[in-house]
Amino acid sequence: MNRTFKLSSGHLIPLIGFGTYRIQGSQLIYETLDYALSAGYRHIDTAVVYRNEQHIGDALKELLPKYNLKREDIFITSKLISQVLKDEHYIEELVQKSLANLQTEYIDLYLIHWPGVSGLQVTNPENATYRKMTWNVLSRFHREGKLRSIGVSNYTEKHIRELLADCGGVRPTVNQVEWHPQHFQPELLQLCRKENIFLQAYSSLGTSDYTELRENPVVVEVAKRLERTPAQILLRWAYQQDIGILPKGRSKAHIDENIALNFEIPDEDMKLLNGLRLSSGAKYAWDPETVA
């Protein structure tokens, strides 16, 4: 069921990944990854700011042999955010630390987590300078084989075009953005597909703090009609459009539920879900539109 997509780098990325945002602590990471690998997840998504890379590395060291898996059988994504007044050496140290924490010789996909710079105003034009510097460092690690693919997250059309115009010969393979029926950008998807950039969705279910999206009457209606859960409808909506998804879960029941997407949403129901963007649009995560 967990299909793969071929990145422009030639590597295959599973369409369904296991998100680890807000999942911290060695025991909880071990338990959730145990459930995830058992359910069939083979893509693990983390980030430096999630503060769980080391626990993921520790858990995989034990869990891969348990499931008769090798390092090459799984796909690991991590991300970093640039910080003001930090140079290329700082970025290099972050990447090296990710490799060490995850206890791997390579990371399958590494992203610039945010087009802005931590500690710098979003309207400051120096954001572009830091983006370029960070991309140059990731490109070097990519050429060395330590980062098999590199990409971006929360990049708008403006940021994507800027990067493509001066990427140093290494093009982005992925753009990971907030994407669900209440908030999606057809023009961004069109640009990414034109440029062979795989679009991944985060916040597919809204957020852990707000249930508005999962309780939306249209989502609930479609779920009842297809005898699925609202979460499965929201995840299948993106998956059915060949958009990557990164659901997270802490219980075995939710982890199993989120990967059980072997069904089709009829066209008429897809249209109903698409209509939520205009009728009840809502954005739940940070907004990169104002980042210079």
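Just so it is clear, the values below take in all heavy atoms, side chains as well, and ignore hydrogens, waters and symmetry mates. For this chain, numbers begin at 1 and follow the sequence in order.
E268 CD: more than 12 foreign heavy atoms inside a 6.0 Å radius. Heavy-atom neighbours of K224 NZ from other residues, nucleotides or ligands within 6.0 Å: at or below the threshold of 12. Applying the 6.0 Å contact sphere to CD of Q121 captures no more than 12 heavy atoms from other residues, nucleotides or ligands. More than 12 heavy atoms of other residues, nucleotides or ligands lie within 6.0 Å of OH in Y284, so this atom counts as buried by the packing criterion. Within a 6.0 Å sphere centred on NZ of K61, heavy atoms belonging to other residues, nucleotides or ligands number 12 at most. At most 12 heavy atoms of other shown residues, nucleotides or ligands fall within 6.0 angstrom of atom CG in N68. Heavy atoms of other residues, nucleotides or ligands lying less than 6.0 angstrom from NE2 of H254 number 12 at most. Within 6.0 Å of CZ on R143 lie more than 12 heavy atoms contributed by other residues, nucleotides or ligands.
Here OH of Y106 is found 5.5 Å from CD of E72. Values are rounded to the nearest 0.5 Å. Between L64 atom CG and K66 atom NZ the span is 12.0 Å, to the nearest 0.5 Å. Between Q185 atom CD and R277 atom CZ the span is 8.5 Å, to the nearest 0.5 Å. Residue I44 holds its CD1 atom at 5.0 Å from CG of L33, rounded to the nearest 0.5 Å.
The main-chain N or O of Q232 is found under 3.5 Å from a side-chain atom of T229 such that the two form a donor-acceptor pair. Checking side-chain atoms of H142 against main-chain N and O of L147 turns up a donor-acceptor pair under 3.5 Å. Under a 3.5 Å cut-off, the side chain of Q240 and the backbone N or O of I265 do form a donor-acceptor pair. For the pair R236 (side chain) and L261 (backbone), a donor-acceptor distance under 3.5 Å is present. For the pair N2 (side chain) and I16 (backbone), a donor-acceptor distance under 3.5 Å is present. No side-chain donor-acceptor contact under 3.5 Å links R42 to the backbone of D73.
Here the closest non-hydrogen pair linking V95 and L138 is CG2-CD2, 3.8 Å. Minimum heavy-atom separation, V117 to Q83: CG1-C, 3.3 Å. For the pair S204 and L213, the tightest heavy-atom approach, listed with the atom from each and the gap, is O-CD2, 3.6 Å. Y202 approaches S153 most closely through the heavy-atom pair CE2-OG, 4.4 Å. Considering all non-hydrogen atoms of both residues, N258 and A231 come closest at OD1-CB, 4.2 Å.
The pair K97-E53 does not meet the salt-bridge criterion, since no charged nitrogen lies less than 4.0 angstrom from a carboxylate oxygen. The pair D45-K248 does not meet the salt-bridge criterion, since no charged nitrogen lies less than 4.0 angstrom from a carboxylate oxygen.
For the side chain to side chain contact (heavy atoms under 4.5 Å, CB included) test with K79, the passing option among V48, L94, L111, T46 is L111; the others fail. With W114 as the fixed residue, the ring pair (Phe, Tyr, Trp, His ring centres under 6.0 Å) test singles out one of W286, Y155, Y130: W286.
Remark: the H43 side chain and the T77 side chain contain an N/O donor-acceptor pair separated by less than 3.5 Å. Between T156 and H159, the side chains place a donor N or O and an acceptor N or O closer than 3.5 Å (distance only, hydrogens not considered). There is a side-chain donor-acceptor pair under 3.5 Å between T134 and S82. Of the N and O atoms on the side chains of W237 and N274, at least one donor lies less than 3.5 Å from an acceptor on the other residue.
The salt bridge (Lys or Arg N to Asp or Glu O under 4.0 Å) check on E221 picks up R225, with sequence neighbours excluded.
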Show, in sequence, the C-alpha distance, side-chain angles and deciding distance for D34 and Y67, and conclude whether the side-chain hydrogen bond (donor to acceptor under 3.5 Å, both in side chains) test is met. CA-CA 9 Å; D34 195 3; Y67 291 100; 2.4 Å; yes
Begin from the C-alpha positions of E105 and R71 and carry the test salt bridge (Lys or Arg N to Asp or Glu O under 4.0 Å) through to its verdict. CA-CA 10 Å; E105 294 182 356; R71 169 64 183 89; over 6 Å; no
Just do the side chain to side chain contact (heavy atoms under 4.5 Å, CB included) check on R250 and Y35 with the steps written out, would you? CA-CA 9 Å; R250 299 189 180 205; Y35 296 151; over 6 Å; no
Evaluate side chain to side chain contact (heavy atoms under 4.5 Å, CB included) for V219 paired with L273, printing each intermediate quantity in order. CA-CA 7 Å; V219 176; L273 294 167; 4.0 Å; yes
Residues N154, H113; criterion side chain to side chain contact (heavy atoms under 4.5 Å, CB included); working and verdict: CA-CA 7 Å; N154 296 295; H113 203 159; 4.2 Å; yes
Report all side-chain donor-acceptor pairs from residues 192-199 shorter than 3.5 Å, counting only partners two or more places apart or in another chain.
from : atom 1 : to   : atom 2 : distance (Å)
R193 : NH2    : Q241 : O      : 2.4
E195 : OE1    : R171 : NH2    : 2.6

Can you list, pair by pair, the side-chain donor-acceptor contacts under 3.5 Å of residues 160-169, counting residues two or more places apart and other chains?
from : atom 1 : to   : atom 2 : distance (Å)
E162 : OE1    : R131 : NE     : 2.9
E162 : OE1    : R131 : NH2    : 3.2
E162 : OE2    : R131 : NH2    : 3.0
D166 : OD1    : K132 : NZ     : 3.2

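Figure legend: cation-pi geometry between R148 and F75 absent, as NZ or CZ is not positioned both under 6.0 Å from the six-membered ring centre and within 45° of its axis.
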